[in-house]
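Naming convention: chains lettered A, B, ... in sequence-line order (proteins, then strands); numbering from 1 in each chain.
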Amino acid sequence: MTSDSERVNSLMSMLKRRGIIFPAFSIHGGIAGLFDYGPVGGRLLRKVQQQWREHWLSKGNIVEIDSPTITPETVLQASGHVSAFNDHASECNSCSAIFRSDHLVEEYQQNPDSLSGTQLDTILAENGISCPSCNKSDWAESRPMNLMFGTKIGATRGGRQAYMRPETAQGMFLTFPMIQRHFRNRLPYGAIQIGKGYRNEISPRQGMIRQREFNMAELEYFIDPNADASHDFSKWNEIDFQLIPDPIDGEQKPINIDIGTALTKNIVRHPTVAMFMAETFDFLIKIGADPSRIRFRQHESDEMAHYASDCWDLEMHGSYGWIECVGIAHRGCYDLGAHEEATGTKELRAWRDFDEPIEVDKEVVSAIGSVVGPAFRQQAGQVSQALSELETIPTAFPFDLDLNDGNVVSIDDSMVEVVRIQETIRGEWYLPHVVEPAFGLDRIIWHLLDHGYEMTSKEGEEYLILHLSESVAPYEVVVLPLFEKDGMGKIAKELQCKLLAINGIGVYYDGTRSIGRRYARADEIGVPWAITVDYESMADGTVTVRRRDDQSQIRISTDDLIHHLQSGSLASVF
RNA sequence: GCGGACGUGGUCUAGUGGUUAUGACUGUAGAUUCCCAAUCUGCAAACCCGGAUUCAACUUCCGGCGUCCGCACCA
């Protein structure tokens, strides 16, 4: 039995040795939290991205966009990231422990997030808050710790403050008007984006799990909160998901339950969230994750971002324990609302028709601009506003009108007229709600590697096999000449070219060293199929096909081989 | 960021104030009709970076960077 840390070390060595993943900039000393995907790993990443993309685009009402990673500060102020990612830290002068300042003062202060550094220091001092670690009360000046990478837009002095995006999601919110036009204003619809996100972690640990620059894939699915959101869950009736619900009272206990029932019992609180949990599960199975090592954990109320009404983490189990790999959050109308408020735009709303049009026939008081204007000058706007908000038509003049700013003005009958309004209101503009599944691709890839990595032995020697699903394996096929002579090498290379012509198939050629060694190399990077050209091939055009997972072999004609690779049915010949 | 351990070919490692710096695996050129890391003969490939001490530093000291563990931070 190998321990988790031995397993991690062995896997990491293999990943470096075989050009899958390695620490970036290593010849310059390396930078923690940054990684390269190598010649083999790059293909793996692309294939996972492509599977993810196709999984969602095949739903029919989801489109893909691509946004800049450099993001102006105002955007991230609106989204809340500037304050959320600008936490202050206080260091204890006595024992050097560091804590988040807002956590320290939260008993004494309502909204510690919004405080400045000096305000936090004052509260710490005035209340004599003591260090949780050593109990002394001797704090150094709090320091901001911004988890976003800052930059400036503009090559010369000045320039506009900007950050590398901490998530791709803002791109979907900001392009919402374009997405809405594309779908002819009919919700629900969604947009996906695959790209890099950046977080300037204080201390990245655990290899690929916490990086400073990482591959994200996010989906924003826009829905009408008033519309029926029910989904058909019958497809998942037979699958029990492992759920760890929010502990209303005390302990969090895992339960196994199918997703439809979980929704009926209100464990999962929204049908669209449930639907995305199930779809996310399907995606991970499709790319080869071990279903028994996937679970969903619901955020506790105090852990949940303030705008989210239900939030589930999908966790995958591996050598680092249970790790969050996907977050599925119901974000309400928080994001669109925040950008609307910051910019005043009206473009972030969707239209919904009422079931029954509302007939309006009423009398209202309306200011006569040519009189009110000269009479009240700069107050005129407020006067008009207050008049239009009157609930009853005044009968006697002059009367006193309360303005919103507290002032009172006198209105006489020359200033107003009573207008009869007759109109039909057919619907309204509203802020769509959004459900967001957010995937950390590097974490998922790590777990595919971890789940698929088999350390076994062959004739007393260690033998490594990477059981990757064919849907993500970096290379589908390797072509091997039994020997590189008597024309076998030439035939094998010709076969490689033929196979490469098949859409979506990656094929490499390996002609060095013994055949067993070449099988071993292919097993180690997870190539599902090894094709060997031997003497018989030269005589009758057949080749042997070896299956990675059980090392069994069959012989078929190259025409059959090509046919099966085209239709993805090679497994059926075994 | 704090404390501890560590840093030698692609990978894993041995070791020393003066060495031609171990060994294994991998890779590679060739031999062997060779289907599961066989064997044989060659070849290539390393002391994290900077400073100090010293006639001489891969080795000692200091600083940096990185890795791992614990705390904290983060998800």
Side-chain angles (χ1 to χ4, degrees), chain A residues 5-6 8-19 22-34 38 84-85 87-92 94-101 103 131-134 140 143 145 147 166-167 197 199-207 209-212 214 297 299 303 305 311 313-315 320 322-327 438 440 443 457-465 480-486 488 510-524 530-538 543-548 550-553 555:
Chain A
S5 67
E6 284 169 33
V8 168
N9 288 341
S10 168
L11 178 51
M12 283 291 215
S13 292
M14 189 281 281
L15 296 177
K16 283 190 264 188
R17 201 157 20 91
R18 293 300 187 193
F22 33 84
F25 309 115
S26 58
I27 68 170
H28 283 273
I31 297 286
L34 298 175
F85 278 65
D87 296 320
H88 286 260
S90 294
E91 181 171 352
C92 172
S94 167
C95 71
S96 300
I98 291 191
F99 301 91
R100 271 182 53 172
S101 314
H103 288 179
C131 171
S133 160
C134 71
R143 296 188 301 251
M145 35 173 216
L147 293 182
E167 59 174 24
R199 289 185 196 176
N200 206 352
E201 296 283 350
I202 294 167
S203 84
R205 288 277 174 93
Q206 297 179 299
I209 303 298
R210 260 173 74 194
Q211 300 185 53
R212 291 190 159 120
F214 47 95
R297 196 176 63 79
H299 280 209
E303 178 185 19
C311 190
D313 284 345
L314 181 145
E315 299 179 329
Y320 295 113
W322 288 100
I323 298 289
E324 175 202 346
C325 293
V326 184
R443 289 181 173 190
S457 65
K458 203 178 230 181
E459 284 159 30
E461 282 202 55
E462 182 179 63
Y463 197 87
L464 303 173
I465 306 175
L480 312 167
L482 191 56
F483 318 113
E484 252 182 344
K485 61 180 191 181
D486 300 336
M488 269 180 276
D510 193 354
T512 70
R513 298 288 232 132
S514 76
I515 189 72
R517 181 178 293 261
R518 286 176 273 155
Y519 286 144
R521 292 198 281 229
D523 286 341
E524 205 169 276
I531 312 300
T532 306
V533 173
D534 56 16
Y535 283 108
E536 234 175 302
S537 313
M538 303 185 64
V543 290
T544 64
V545 180
R546 172 187 181 272
R547 180 162 61 186
R548 174 198 66 205
D550 62 1
Q551 297 165 30
S552 63
Q553 250 177 2
R555 175 172 288 275

* To do: Specify the separation, in whole Å, of atom CD1 of A/I209 and atom P of B/U67.
  => 15 Å

* Quantified in whole Å, what is the C1' atom distance between nucleotide B/G50 and nucleotide B/G7? -> 16 Å

* Roughly how far, to the nearest 0.5 Å, is CE of A/M538 from CG of A/L482? -> 11.0 Å

* P atoms of B/C68 and B/G63, separation to the nearest Å -> 22 Å

* Pairs touching residues 510-519 of chain A that satisfy salt bridge (Lys or Arg N to Asp or Glu O under 4.0 Å), sequence neighbours left out -> A/D510-A/R521

* Asked: Hey, does A/E324 reach any base, or is it just sugar-phosphate, or nothing, if we go heavy atoms under 4.0 Å?
  -> base

* Asked: Taking the same atom, P, in B/A24 and in B/C43, what whole-Å distance lies between them?
  -> 14 Å

* Asked: Tell me: CD of A/Q211 to C1' of B/C73, nearest whole Å?
  -> 18 Å

* To do: Grab the NZ-P distance between A/K16 and B/G10 for me, whole Å please.
  => 11 Å

* Judged by modelled atom types alone, do A/T532 and A/D534 share a side-chain donor-acceptor pair under 3.5 Å? -> no

* Same-atom distance (P) from B/C36 to B/C71, integer angstrom -> 50 Å

* Structure fact -> Between CE of A/M12 and P of B/U67 the distance, given in whole Å, is 10 Å

* Whole-Å P distance, B/G66 and B/C49 -> 15 Å

* Quantified in whole Å, what is the P atom distance between nucleotide B/G3 and nucleotide B/C12? -> 28 Å

* **Any N/O donor-acceptor pair, A/S203 side-chain to B/A72 base, under 3.5 Å** => yes

* A/R210 has an atom CZ; how far is it from atom P of B/C74, in whole Å? -> 9 Å

* **side chain to side chain donor-acceptor pair (under 3.5 Å) partners of A/S5, counting only residues at least two apart** => A/S3

* Flag this pair as yes if the NZ/CZ of A/K458 is under 6.0 angstrom from the six-membered ring centre of A/Y463 and inside a 45 degree cone about the axis; otherwise no. => yes

* Supply the atom-to-atom distance A/E315 CD to A/R297 CZ, rounded to the nearest 0.5 angstrom. => 5.0 Å

* Using atom types as modelled and distance alone, determine if a side-chain donor or acceptor of A/R210 lies under 3.5 Å from a backbone N or O of A/S203. => yes

* To do: Any strand is fair game: report the nucleotide pairing with B/A75 by Watson-Crick or G-U wobble, both distances under 3.5 Å, or none.
  => none

* **Pairing residues for A/Y535 by the ring pair (Phe, Tyr, Trp, His ring centres under 6.0 Å) criterion, not counting sequence neighbours** => A/F483

* Quote, to the nearest angstrom, the P distance that separates B/U26 from B/C62. => 40 Å

* Expressed in angstrom and rounded to an integer, what is the separation of A/E315 atom CD from B/C74 atom C1'? -> 15 Å

* Asked: With rounding to whole Å, what would you report as the distance between B/U60 and B/U28 at their P atoms?
  -> 37 Å

What pairs of nitrogen or oxygen atoms, one from the protein and one from nucleotides 3-5 of chain B, lie under 3.5 Å apart?
none

* Residues which pass ring pair (Phe, Tyr, Trp, His ring centres under 6.0 Å) with A/Y519, listed by chain and number, not counting sequence neighbours -> none

* **Between P of B/U67 and CD of A/E6, the distance in whole Å** => 21 Å

* To do: Can you tell me the pairing partner of B/U59 across any strand shown, Watson-Crick or G-U wobble, with both distances under 3.5 angstrom?
  => none

* Once you round to the nearest 0.5 Å, how far does CD1 of A/I209 lie from CD1 of A/I323? -> 5.0 Å

* Take nucleotides 32-37 of chain B nucleotide by nucleotide from the 5' end and write B, S or -, depending on whether a protein heavy atom sits under 4.0 Å from the base, only from the sugar-phosphate, or from neither. => -BBBBB

* To do: Specify the separation, in whole Å, of atom CG of A/N9 and atom C1' of B/C25.
  => 17 Å

